[in-house]
Amino acid sequence: MVGAKILILPGDGIGSEIMAEAVALLEALRAAGDLDVELETAAIGGAAIDATGQPLPEATLALAREADAILLGAVGGPRWDKIERDLRPERGLLRLRSALGVFANLRPAVMYPQLVSASSLKPDVVSGLDVLIVRELTGGIYFGQPRGIRTRAGTNEREGFNTLVYSESEIERICRVGFDLARKRGRRLCSVDKANVLETSELWREVAERVSADYADVELSHMYVDNAAMQLVRSPKQFDVMVTTNMFGDILSDLASMLTGSIGMLPSASMDAAGKGLYEPIHGAAPDIAGKGVANPLATILSAAMLLRYTLGRGELADRIEAAVGRVLDQGLRTADIQSPGTRVVGTREMGQAVIDAL
Ligand code: IPM
Ligand code: MG
């Protein structure tokens with residue numbers, strides 16, 4: 001793709017610090033003549049609320065629609081916690097995902113061999129781990145209507161309510177993404193649900209089975225979400241690709257990230273049917289360490305690599321970035337979240353620069 005437009009949305013908290021490193025890397029590739037992209041920056045989340053009163057301003061959404069791909073830092077923070085729910089930073093991100101139709105969220109949890117000792121699990125349980133969580137991102141309980149807080153009829157007690165709905169077509173398209181990806185990897189797909197309790201899961205299972213008829217070369221299994229959480233900690237290498245709902249995927253991907261040493265390492269890609277994507281680290285805005293220059297920029301840098309691979313078709317550049325991250329870890333450089341005895345702890349800026357140098 002020539003002159004691709006990338007929209008940069010730093011967001012809140014550590015967002016601007018980690019994004020600065022990913023942008024520096026993209027600009028270094030551009031300066032070297034390896035990459036032809038135009039970068040534009042806009043506001044989302046709390047930063048956008050402060051500037052415009054809206055977590056997803058119309059101008060940002062318009063730029064996002066025009067862009068070929070979007071790279072996002074993180075949104076949210078205690079400063080905006082008291083705001084009415086529909087105007088909170090997180091709502092801006094959810095609206096962006098929904099408006100762009102990026103229903104397929106790919107969250108790879110890959111263990112870098114250099115970080116095995118940073119994991120809280122035993123080395124033999126996690127070394128060589130490579131699992132891909134495919135999370136449905138624009139449906140389910142995150143977007144169900146009606147929702148709200150109301151007074152329970154006949155009482156003066158309040159009750160909160162949310163609605164969980166999945167249509168067959170929503171289930172089918174995310175399952176197909178899971179099968180297609182499994183086909184390119186270990187050819188095993190585990191569909192995670194709660195079919196022993198939920199009707200949406202019963203339908204999910206039925207649709208997954210139906211779709212599997214088109215993928216005779218992929219082995220489909222089913223697992224209840226509680227068991228899947230347990231199995232991810234007990235023996236995570238049994239999994240190849242997991243496909244699941246919006247909320248189960250949110251929870252399981254945080255869990256899986258920690259197997260790899262730190263949530264600060266995990267990138268994600270969210271794609272629409274045409275492959276246009278929104279790329280973001282899976283971690284949040286980490287207000288506790290924001291502004292200190294200590295956040296790990298690698299998840300954002302690796303998200304930029306996913307962007308190059310999936311939206312711009314530049315797999316070879318993505319490989320180079322991922323290899324550069326590996327070399328930096330080989331050098332013993334670590335941000336605080338992935339430190340272990342014998343390594344050198346560096347800040348956000350130094351880590352970002354080290355990756356550029358290794359490139
Ligand atoms: C994530 C985050 C978001 C989500 C929040 C910030 C709305 O936790 O991307 O995993 O729940 O999807
Ligand atoms: Mg999450």
Side-chain angles (χ1 to χ4, degrees), residues 9-16 18-19 43-49 54-56 60 64 70-81 83-109 131-144 147 162 164 166 170 174 192 225 228-229 232 242-260 262-272 277-290 295-296 299-300 302-304 306-307 337:
L9 300 175
D12 309 319
I14 59 171
S16 53
I18 55 180
M19 190 58 79
I44 193 169
I49 294 171
Q54 293 291 328
L56 178 64
T60 299
I70 299 142
L71 187 62
L72 187 143
V75 298
R79 263 180 68 195
W80 304 284
D81 273 355
I83 300 178
E84 166 200 348
R85 181 155 304 271
D86 276 339
L87 292 175
R88 281 169 57 158
E90 291 80 2
R91 196 59 73 180
L93 175 57
L94 296 183
R95 231 176 256 153
L96 180 67
R97 290 171 176 171
S98 173
L100 296 177
V102 289
F103 67 92
N105 182 216
L106 281 41
R107 299 191 158 189
V131 21
L132 174 61
I133 296 180
V134 178
R135 170 189 177 194
E136 199 291 326
L137 199 62
T138 54
I141 201 162
Y142 272 50
F143 293 96
R147 61 178 165 86
N162 289 91
L164 170 56
Y166 268 115
E170 280 177 306
I174 193 68
V192 177
V225 63
L232 270 171
M242 305 173 89
V243 63
T244 192
T245 62
N246 202 340
M247 184 140 92
F248 294 163
D250 179 47
I251 298 166
L252 292 181
S253 60
D254 264 37
L255 193 162
S257 75
M258 230 23 230
L259 304 175
T260 72
S262 170
I263 194 168
M265 291 299 296
L266 259 65
S268 82
S270 308
M271 328 278 285
D272 70 4
L278 165 67
Y279 298 82
E280 38 175 327
I282 80 156
H283 61 69
D288 53 326
I289 56 165
N296 186 346
T300 312
L302 293 168
S303 298
M306 287 186 97
L307 184 160
D337 57 315

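All values derive from a computational prediction rather than experimental measurement. Counting starts at 1 for both ligands and their atoms, in listed order.
Nearest protein heavy-atom contact of atom 11 (O) of ligand 1 is Y142 OH, 2.6 Å. Protein heavy atom closest to atom 6 (C) of ligand 1, with residue, atom name and distance, is E90 CG, 4.0 Å. Nearest non-hydrogen protein atom to atom 1 (C) of ligand 1 is R107 NH2, 3.4 Å. Among all non-hydrogen protein atoms, the one lying nearest atom 10 (O) of ligand 1 is D250 OD1, 2.9 Å.
Using a 4.0 angstrom heavy-atom cutoff, R97 counts as in contact with ligand 1. R135 counts as a contact of ligand 1, since one of its heavy atoms falls under 4.0 Å from the ligand.
Residues R107 and M242 form no side-chain contact, since every pair of their non-hydrogen atoms from C-beta on lies 4.5 Å or further apart. Contact of the T244 side chain with the E136 side chain is not registered, since no non-hydrogen atoms from C-beta on lie closer than 4.5 Å.
The atom name of the N/O/S atom in D250 closest to the Mg ion (ligand 2) is OD1.
Across all their heavy atoms, L100 and D272 have their closest contact at O-CB, 3.8 Å.
With salt bridges taken as basic N to acidic carboxylate O contacts below 4.0 Å, one links E280 and R97.
Judged by a 6.0 Å distance limit and a 45° cone about the ring axis, R135 is positioned over the six-membered ring of Y142.
Once rounded to the nearest 0.5 Å, the distance linking CG of N246 with OG1 of T138 reads 7.5 Å.
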